[in-house]
Each structure stands twice: as C-alpha cells, then as structure tokens.
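Values reported hereafter were calculated over all heavy atoms of this structure, with side chains retained and with hydrogens, waters and symmetry mates removed. In this chain, residues are counted from 1 in sequence order. Just so you know, ligand 1 is whichever comes first in the structure, and atom 1 is the first atom listed for that ligand.
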Amino acid sequence: MKESASTFIAKSTVKAADLEHRRKINFNIGKYNATVPQGKQQFADVMLARERAKNAKWRAIENLDAYLEEFEKKITARGAKVIWAETAEEALEEIGNICKEKNCKTLVKSKSMVTEEIHLNHHLEKMGIESVETDLGEYIQQLDGEPPYHIVTPAMHKSKEDVAKLFADKLGAEPGLTPEQLTLFARNKLREKYVQAEVGVTGANFIIADVGGIAVTENEGNARLSCAFPKTHIVVVGIEKVIPYLNNLDLFWPLLATYGTGQRITVYNTVVMGPRQQNEIDGPEDMYVILLDNGRTNLLANAKTREALYCIRCGACLNACPVYKNIGGHAYDTTYSGPIGSVITPHLKDMGEYKHLSYASSLCGNCTEVCAVKINLHELLLENRHEAVAQGESTAAERIAWKVWKKASLTRSMMNMGSGGLKNWVVNKVFKGWTMHRSDLNFSKKTFNEMWKEQEEKN
Ligand code: SF4
C-alpha cells in the first residue's frame, strides 16, 4: 500500500472515532442543512437552474481554449497582464518575480483554494514576504498553522470556544471573547495590513470570457480590499473557472450562494475587468492574472472525467458525504477534500498515489444528488477506479482475488460448493485485505439453490 493511502487510513480511523470532532461537524453541517432549503426557494425550478448551469459549463469546457483566449484579449486591452502557468512551480516563479519587482514585503490574500493548491504562502515565506490571510476562517487557520478544512468554510471544525482560545494564545486577546468580539479583534489587526501591503492576491470564482473579467464572491469584503488597496493585484485562477458570458452570472451567483451557504446571494459579488483606468479614482495600478493548468488538462483529456471541471466549488458535496462527515477534511491530506477532491486529486497529482481516494466512498450517490451543477460524482469515482486498474495501479493479489470472485459468482456449481461456515472462513480469513477495515462477510448457511428447492417443496 502506498504511504499516502496508509496515512489516509490511519488519519481517518482516528477521526472517525473522535466524537467531539463529529459533534462540531454535525453542528455546523446541521446549520447549513437548515438554510439551504430557504435559499432554494428563490428558484422557480431549481432542477432547471442546475441543468442550465451544467449546460453553460459544458459549453465553456468544450471550448476552453477559445474562451480563455477571448478573456485574455479583452482583459489585456484594459491593461491587465495574463500569464499562463502550466505547473504550480511556474505559477510560484511568476508570482515571486512580480513580488520582487514590486519590492513586496507584505502581501494580503483573500481566500483562494488554488493558492492553497500551489502552496503560495510557504513559497512567500521562503522569500521573506509576510503573507496575511484576510478571510476570517483562513486567518484562523493560518494562526493555527493548519490548511483549510473545507473548501467554503475553512475553520468548520472549530467551535467558537476553540477560536477564542486560539486568539488568546496567539494574539494575546482577552480569553473567552464572543464571536462578534473575535471578528472585531481580527478586523482591527487586518485593516493595518491592507494599508501596508504592496501586493494583493485573490482567486476568482469565475473567469468571464465575453467581457474579459474575473468574478469574486465573498461575504466579508476582504477580497475587495485585497484587490483594491495594494498597488498590485495578482489573480491566481484555475483555467476551468471560465464561463462564456457575463450574463451567465445571473445563474451562477445564486447557485453558488445557495449551495455554498444557503444564502440567496452572497454579500459581495465583484467583477474586476483590469487595473485602475485613467478616469477611475481607485484600484490597483497593475493587475496580473495567472491562468493555472496544474493537471487540469489531464481531466480535460478524458471525455468522461472532463465533467469534473464544471465544479464551482460550492462545497455541497462535502456537506452531503457520509465519509467526509465522519473523517473530516484533514484526513484526506489533499487541498480538495470530499467527493470532488477524491475525483480530481488523482488527475491533478498522481493516479497511483491518490487512487485510494476513489474508494473513500459508499457510492451512495448523495454527492451527485446535491451537486449545484449536477456532476455525476459517484460515477466519476468509479471511472477513477477503472482508470487506475487500466493503468496497472492494482496489486497481483487484488487481480487474482477479483478473478476468483468473478469466476465463482458466474458459476452456479462453484457458488453451491462448501458450507456457509467454510465460505466465511475463506473470505474473512484468507482474503484478509477485504476485512481489515470492514466487518466480516457473513454467508448464509444454505445456498440459494437449497433455499429455492425447500421453497418449491413447501409449495
Ligand atoms: S462537485 Fe458540485 S457539489 Fe461539489 S463542490 Fe463542485 S459544484 Fe459543489
């Protein structure tokens, strides 16, 4: 077993037995579950809205090259610079170069999973640049030295008491502050940083092709401050975030808000179409957009897994997943956790190293059921398993076991062989790999044939 797989199993085993962790997660997901139905009421036909969103993303991904080039042309005409980065290393190098050129000492950053993916903070730290997370949840995680726990709510696993203790320990805040006091405390700290920072970094929820803009959705206003206060604004965004038209946002903004947090619309929705223009009084002097591939074209290359690129990172599939709800976001040890993380990580990173994630699912289909853009997530998990086997990522013992199982299942005489007890012994003791993390299989004492005959005799 690969090290990443055994780490995953070890971490999941510990977390699944941690009842306090489960209590916090159930509490927070319970609040989410209570608000989502209210958000859905804004749609006359929510299924139709999801279908339309899926169609818009289908169009965008099928014509990805053309839409990205259209975006580049339009935003470049308004003074922004577009940089294409094939890998995380390339993106980091480009960001590093910009920071050096701008003599950057302090950088403010809004929440962005893609910057987590490329480990931007770590890179900046090595360069001696202070990178400050400005989203409250991310700020909490940064203080605690932890990566985000969830793609929408980074500190979902922490209670208000945990955060109060963290602020007291790390920032010298009064112990036992209320959530309102904690927010105010963080705000005062962060406001100073916006003024000091030479560079602001944001992600983007959408790349809008027809107008050449990026759309950012947030609840705290910190992303607006991060892109408007510093003289330089860097956007780091995955190439799959493209949508064809500005007016597609009338569908995507409410869907993202409702499926992300249960809101009808998120508090701040901003479209940025370049740096400050001549007739404008504020905004950055320079704007760079880094379009990141980093394995996304691997997903694009496969006509089936391509669908995973429709994801708008609402997080609904994480909240619905029985596995995620028990093991939490950190057990995955990946940037993207939950069902969507299990689908895309093997393609973004390495199939052999991360194929175990495709098995971290009961295949109940709840993720597919709740997905804002109707991605067939559970089928893509099966597709990943198939791809892993096709690429030779299975052990000889596994291949033999499945061959024997298939042969036996398709041959009545073999199915009738031996007693239930003997079958239990063979499956539970000989093929120990199956029962190592599962309860024992329990075969019926009588075979199906025997039961059928008895039934016939009774009739
Ligand atoms: S896969 Fe669907 S449900 Fe999961 S985060 Fe993406 S859009 Fe949301």
*Measure from atom 1 (S) of ligand 1 to every heavy atom in Ile340, Thr368, Asn376 and give the option owning the shortest one.*
Ile340

*Could you list which atoms of ligand 1 come closer than 4.0 Å to a heavy atom of Arg313?*
5 (S), 6 (Fe)

_Heavy-atom pairs closer than 4.0 Å: do any link ligand 1 to the side chain of Leu318, the backbone, both, or neither?_
neither

*Please determine if atom 6 (Fe) of ligand 1 has an N/O/S atom from Cys371 lying under 2.8 Å away.*
no

With a sphere of 6.0 Å drawn around [atom1] of [X], does it hold more than 12 non-hydrogen atoms of other residues, nucleotides or ligands?
X	atom1	value
Lys24	NZ	yes
Arg306	CZ	yes
Glu369	CD	no

*asked:* For the backbone of Ser358 and the side chain of Asn384, can you confirm whether one donor and one acceptor N or O come within less than 3.5 Å of each other?
replied: no

*asked:* Given 3.5 Å as the limit, does a donor-acceptor pair link the side chain of Asp135 with the main chain of Gly137, or not?
replied: yes

What protein heavy atom sits nearest [atom], and how far away is it?
atom	result
atom 4 (Fe) of ligand 1	Cys317 SG, 2.3 Å
atom 6 (Fe) of ligand 1	Cys311 SG, 2.3 Å
atom 7 (S) of ligand 1	Ile312 N, 3.4 Å
atom 5 (S) of ligand 1	Gly315 N, 3.2 Å

_Centroid separation His157 to His330 less than 6.0 Å_ = yes

_Residue of the set Glu138, Glu130, Glu133 for which salt bridge (charged side-chain N to carboxylate O under 4.0 Å, His left out) holds with Lys109_ = Glu133

*Contact flag Cys314/atom 8 (Fe) of ligand 1, N/O/S atoms, threshold under 2.8 Å*: yes

